[in-house]
Structure formats: C-alpha cells, structure tokens
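Below, chain A is the first sequence line, B the second, and so on; all start at residue 1.
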Number of protein chains: 2
Amino acid sequence: MKKKIVRIKDIAERAQTSKGTVDRVLHNRGRVADDVRERILAIIKELNYEPNLIAQSLKSQRAFNLAALIPDPNLDSYWEAPHNGLEKAEKELRQYGVHITKFIFNSHSETSFIAKAKEVGREHPDGLLIAPIFYKEALPFFKEWADMGIPYVLFNTQIEHVNPLCYIGQDSYRSGSLAAKILRFGLHSPGTVLVAHVNEDISNSAHLITKEEGFRNYFKGEQLDDTFKVISKEINFPEEEGLDKQLDELRKQYPDLGAVYVTNSKAFEVAAYLEKNALKDIKLVGYDLIGPNQQYLNKGIIDFLINQNPLGQGYWGIHQLANHLIFKKEIPAIKFLPLDIITKENLDYYLDPQ
Amino acid sequence: MKKKIVRIKDIAERAQTSKGTVDRVLHNRGRVADDVRERILAIIKELNYEPNLIAQSLKSQRAFNLAALIPDPNLDSYWEAPHNGLEKAEKELRQYGVHITKFIFNSHSETSFIAKAKEVGREHPDGLLIAPIFYKEALPFFKEWADMGIPYVLFNTQIEHVNPLCYIGQDSYRSGSLAAKILRFGLHSPGTVLVAHVNEDISNSAHLITKEEGFRNYFKGEQLDDTFKVISKEINFPEEEGLDKQLDELRKQYPDLGAVYVTNSKAFEVAAYLEKNALKDIKLVGYDLIGPNQQYLNKGIIDFLINQNPLGQGYWGIHQLANHLIFKKEIPAIKFLPLDIITKENLDYYLDPQ
DNA sequence: TTTAAAAAAGTGTTCGAGCACGCAATGTAA
DNA sequence: TTACATTGCGTGCTCGAACACTTTTTTAAA
C-alpha cells in the first residue's frame, strides 16, 4: 500500500552496478557503456524514479543570484507590495540558496532605468525579474540578457515578442471588462461613463489602452451603447495643482456623469474630488490597495477596487524563476493572476496574505 | 553582504561545546548545564539561527499519516473542490512523508458520519482534517480525539469551544455583509430583499444564521431599513418538485422583490426559476463555483458568486497540519480565507489555481 | 579515598543525491 | 615489452540535522 521511495542506490542494485554509474546516466555526464545505460534507463522508468528534491538541494548548496529590476517604492507606493512579495519569496527560498539583488530605478526617469538595466548585465545574475514599465528603453536589453543566457520574467507590464521565461500579471483587457461590469451593475440610470487615465504617459503604457478597450467593449457587447456614453480622458496635473479644474470642466460638459473608471492606482485623486464636492451618486472603480485608496474605499467613496495583486506578482515572479532554475519545472509562458474585486467588506483579506 | 547560513555546528563552535549539546538545547532533550544552555540560547538568538528544514526532513524520514473526514463529493459536488485541495497538498508534502487517508461520509446521513468518525479513531492518525457539518454528532468525537492527542483542524463549518488546532474557512458574518453590499450596489429602487436558505437544515448549521445576521446588519448599519425590506425564508423541497410554487407565492406576497441572497451553493435553483419566468431585474447573489452556478453566472442570471474557496480550505487545512506537525510552526487559531467576489469576467482565475 | 550512579557533553552514523577521485581494463604507440 | 592515454565504473566524502551511543565529569554514597 505504501509508496516506497526509489533511491539511486535501489536502481544501482537492480542494475548490478554502482550509484556512480546511475548518477552518470541521470545527468548525462561521464561515459557509460551503452548496454548498461539502457538497462539503467529501463529500470528508472520501471520503478518510476523521482529524484528526492530534499536531498538534492541539501547537497547542491548552489547559490542562485537573482536580480530584480523594479521601481523605487518611495516614489510610488504602488511598488511597495512587489518589494514585499520579493522578500517573502526570498525568505522561503533562502533554503535553496536563492539570493535576490534589487536594482531600483526611478519610475519617472528613463535614464535611471537604463543605468540600472546596465548594472544588471554587469552582475551576471542567474535569473532576472523585471517590471518593464519603459517599453522602448527596455527593448534592447532583452536581447542582451538573452544573449547572456539570463532567463527573465516580466511582471506588471506585458510586452509581446520579447521571449521572456514568463509574464506574470493581469489580463488588462479582462480587467477593463470587469470594471465595466461592476460599474454597469451599479448604474441606476442612463448617463456618461468616464475612463480616466490619471497622471500616466499613455504613449508608453499600452496596458492602459488595453484596459480601456476591454471596458468599452463590455458596453458594446452588452448593447448598452445607447444607454451609456463612454468617454475617456487623460488627466495629468502637477502635484500642487490637483485635478479639480479638469473634472469641473468635464462635469460641465457631461452633467449626467454617472461613473468613473480610473485605470491605475490613482483613484484616490478622483475620490478626493468627489468627496469635496459631495458627489455621492457618481460610482467610482479603480485599482490597487494603496493607503489612500483604502481610505476612500472605507468611506464608501470608492465603490470597488480591482486588486492587481502586486505582492503576488513579485512573489510568483521569483517563484517562477526558482521553479525554472532550481526545480527544473516547466513554466507557463503566461501566469495571469486573479482579478480580485475588493470592497470595504472584504478588504482585510487581501491586505496581508500569510 | 551575504547572509551566511548558520548551522548547529557554528553555534557549537562559538559556544565552545559540541553539536550534540546544542541539539539537546534546541530540542529540550537530555540534560544540559544551565550556564551552557543559556550561553547557547544567547548565541542562537544572536546569530538568528533557523534550522535547515531541508536537512531536517531529509534526516527524519518520518511518515505522517493524516486523516480527512469529509463528505462524499459524488452526492454534493461542492465537496469536489476540497478533495482536490487535499490531493494538491498531499502531492506537495509527499516529500515530507505526508500521507492522507480519506474517510468519506454521506453528507445527508448522520449515522454514516458517526461510523466514519469512529473509524478515524481506530486508525490513530497523526493529524485530522474535518468538515464538521453535523454539529451535534461531531461534538463527542472532539473530546475523544483530544484525549488521543490527535490534533484536528476544522474547515468549512466553524464550531466554537471545541479547541481545534485551527479553523479554516470564511467569516460567515462578513460574508453576509459582503453579499448585502453587492446587492445594495445593484439595487436601483426600493423594494424587498430575500435571504433564501435553500434545502438546508438551519437548526444544524449555525453559520447560515450568522450569514443572515451579517446581511441584515449591513442594511441596518447603512440606515437602509426603510428603503429595503429584508425578509428570510427556508426553502426546502424534494428533488422532483422544485421550488417554483414557493417562489411564486413569495412573489405574490412581495411584488417588489428586487434581490435574492442564497446562503449556500444552491443559487442555481433560484436562477433556474428566474430564467424560466424571465425575471431579469431580480438581482441574485449566491455561493460557490459549482457547475450549475457557473452556467447561470455566465448567462448573467446570477450576478455575483462569493467564493468560499473550498479547494483552498482543503489545501490549507492539510498545510496547517503539516506546519504544526512537521515544521513546528505556530498556527493561528483561525485562518479566514478571502471572500472572493466572482462574476462572469473573472471566473476563470478562480477555477483552477495552479 | 574509593566507587557507583547520575549528569553533562562529545562522537559518529544516517538520510539521498552530487561529485571528485581513483582504480582497473583495454587500447595505442614507441 | 614498456609507457601512457582512454574508457568505464566503483568508492567515499559532503551537505545539516537527528539521534543513538560513548566518554568524561560531577555528585553522592560507602
């Protein structure tokens, strides 16, 4: 009844040879006579040998230096969570010799990204996790890393055709559709729906466009085109100014504004405006559980947040590298993280996943 | 810069003693002179020693026989997911010597539960995971297992004061509040809201009452008492009959019925009724991603499902036992799983978590 | 002071896989 | 025939923790 664990030694005994020879067959090293090799391979199959990962990693003691190229959390608190995810994964994998070096760049500065990306190359890590938020600037490096044989995992921002080991993040299109579904559920009367890209350089972030597409197509697909008018707007403003003017104007133009969908983590900016102007009936959906967003969620001004699970992105990113490098597992090219819907009542559970 | 891995040997050298003595201090076995013990403890703290789990489990090679007392998935497909979770955890932990024996009972038969519970005792497992859906019948066994020194983890149904190692599942009260929040968001005009307990023996399942409380109190707390009238009803019916009559009658009594909250996984029964009668405007929220529910979710008749994450419950249940038995970790008395909000657009991600 | 018992501390083997080392058998050239 | 390279394969140490076993030291009794 019990499954006996098959060891190299067992195989060796059965094949009337030594564990050294079995080892050579298993790892294709050294030379082994053909007949012996085949005998051993047959026995391995027959006994369904699986190497004992525990013993394996105890012995090998190999160090795996992973690099993470990721924005500075002090400049945009969204990035705190991926950092935490990285650290959580590092803790779990330290046993297996994993060590992560962070290369932190300024999310508002392409040059700092380039500088750090160059540093990564010089370090020759065994694997790389990268948030490629600068599309154009990142492109040349992918080739460089590929040439150096460094496997890289993308997260947060999906880039096609750069042949990463894996992409980890959300399906932006679906994400937009989901936001649309939620807002539509809460919309009680015909009106205008705003897609707001707040303080973001649209030209360099394709995923926001994809979100908008998903959002618009939901309304089209449900044949709600004539009930709800979807408009979109880039709202950029310097820190000290705020977005009041722009939204005032927008409301003048569309007095029947019923809902706002903020495509990034800046929903709290819109929420502040809604609160100030006591606009209780305008529904609001945004992204990410950063502090200010949580506050407005608890106040009921932001109705729902969609969680991009940034912690999970960092965590799984490292784990995928480990699965590839250490455990030699097959890695799916894309790992979509769930689109979690968060509201006041279930917020807690998503804040600190054990 | 590199974190050196601290070994027992390192501690021994620093304390000018042998690894045997350090071992005795670590495991409180044998006798150690007080001054030496303290010296060693200080060094352990100072160097922040963490035992190498890999080496640990390689050596110990101990078998852990866990038992799972859980309903038959063939009689209620809700239970398929916990079974899968169990198996997933077993696979991951096989390396550590974990083996699970399932004791499957009939979820409609108390006597079958009792019979299987007795069997568990006879097997003397090292740990037990149990879905105690029969409150009264389960009670005496907890004492028995405690006397035998078998740690048990409860899941799915929370029972107070039986001193389990841990409860894993949802916060029922919150769950009810969440359902209320969602329905309220979608309710466009004043009306009646129904809490439906479908085919469930309320007297033996306190958690459904708790859900209802959470639901009702949401409406009270938000001072929506006069806008929405919350009523609740037990809807029991034999397989061949259906619930049509009962709902027909209910609608006659409350023509302004605007939403239904089904407190268990039977939302599809209500959905079938709504579909048959083309009642598009009645919002519907229920639980669990079982097949029929998914179908009505995709059709848009069920608006949202709350995921009780039954797979996760099985998975984490086993993992908590392993954490306790194998890794000697501290276990929280309650592990609440997230209240996931599921709709057509994000359903996929919750179906088969890798 | 001797001696036995109890207490404290040290030694060495084991788990399974990885891998360095080295031995033996055969082949090849001077 | 000697010298030495090549091929094929076996041996034995290592990783860190567990634990059985042995040795040394302390304490108490004779």
Side-chain angles (χ1 to χ4, degrees), chain A residues 2-41 43-44 47-64 93-98 325-328, chain B residues 2-41 43-44 47-64 94-98 325-329:
Chain A
K2 277 181 202 167
K3 275 174 200 169
K4 269 170 275 174
I5 286 180
V6 182
R7 300 160 303 167
I8 285 188
K9 206 180 149 192
D10 300 323
I11 298 169
E13 273 168 21
R14 237 188 207 240
Q16 311 216 54
T17 174
S18 74
K19 67 198 187 79
T21 307
V22 176
D23 177 77
R24 275 180 281 271
V25 172
L26 281 168
H27 296 88
N28 285 315
R29 66 166 142 243
R31 295 163 202 275
V32 180
D34 285 347
D35 58 325
V36 179
R37 153 171 284 115
E38 267 170 49
R39 191 146 36 97
I40 290 176
L41 283 174
I43 293 173
I44 286 173
L47 298 186
N48 195 19
Y49 169 75
E50 283 178 24
N52 184 329
L53 291 183
I54 295 174
Q56 207 165 44
S57 58
L58 172 63
K59 183 56 185 68
S60 59
Q61 288 297 95
R62 197 191 139 185
F64 291 93
L93 295 168
R94 214 178 36 211
Q95 305 261 358
Y96 297 93
V98 169
L325 292 167
I326 306 179
F327 306 118
K328 317 277 183 207
Chain B
K2 275 182 202 168
K3 275 175 200 168
K4 268 171 276 173
I5 286 180
V6 183
R7 300 160 302 167
I8 285 188
K9 207 181 149 194
D10 300 322
I11 298 169
E13 273 169 21
R14 235 188 207 241
Q16 310 216 55
T17 176
S18 74
K19 65 199 186 82
T21 307
V22 176
D23 178 77
R24 273 180 283 270
V25 172
L26 281 168
H27 296 88
N28 285 315
R29 68 165 140 244
R31 294 163 206 271
V32 179
D34 285 348
D35 58 324
V36 179
R37 154 172 284 114
E38 266 170 48
R39 189 146 37 100
I40 291 176
L41 284 174
I43 292 174
I44 285 172
L47 298 185
N48 195 19
Y49 169 76
E50 284 177 23
N52 184 327
L53 292 181
I54 296 172
Q56 209 166 42
S57 59
L58 172 62
K59 183 58 183 69
S60 56
Q61 286 298 95
R62 187 181 153 192
F64 291 92
R94 213 180 37 214
Q95 302 263 356
Y96 297 93
V98 169
L325 292 167
I326 305 179
F327 307 120
K328 317 280 183 204
K329 282 193 196 159

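- The two residues B:L47 and B:V6 have their closest heavy-atom pair at O-CG2, 3.5 Å.
- Atoms NZ and CG, on A:K59 and A:N52 in that order, are 14.5 Å from each other to the nearest 0.5 Å.
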Would you mind building the protein contact string for nucleotides 7-14 of chain D? One character per nucleotide, 5' to 3', B for base within reach (heavy atoms under 4.0 Å), S for sugar-phosphate only, - for untouched. SSBBBBBB
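- Spacing between atom NE2 of B:H27 and atom C1' of D:dA17 amounts to 7 Å, rounded to whole angstrom units.
- Among the atoms of the strands shown, base atoms are found under 4.0 Å from some heavy atom of A:L58.
- Taking every heavy atom of both residues into account, B:P51 and B:Q56 meet most closely at CB-NE2, 3.9 Å.
- The shortest heavy-atom contact between B:S18 and B:A12 is C-CB, 3.5 Å.
- Heavy atoms only, all atoms of each residue included: A:Y96 and A:F64 are closest at O-CD1, 3.6 Å.
- Here chain A contacts DNA chain C (any atom closer than 4.0 Å to a heavy atom, that is under 4.0 Å), and the contacts span C:dG16 to C:dC19 from 5' to 3'.
- The interatomic distance linking B:R29 (CZ) with D:dA17 (P) rounds to 13 Å, in whole Å.
- The distance between atom CG of B:D23 and atom P of D:dA17, rounded to the nearest whole Å, is 10 Å.
- Residues B:R37 and A:E50 each lie close to DNA chain C; by heavy-atom proximity, the contact nearer the 5' end of the strand is made by B:R37.
- If you take CD on B:E50 and CZ on B:R7, they are separated by 15.5 Å, rounding to the nearest 0.5 Å.
- Checking B:L41, B:I40, B:D35 one by one against B:R37, the side chain to side chain contact (heavy atoms under 4.5 Å, CB included) holds for a single residue, B:L41.
- Interatomic distance, B:L26 CG to B:I44 CD1, rounded to the nearest 0.5 Å: 4.0 Å.
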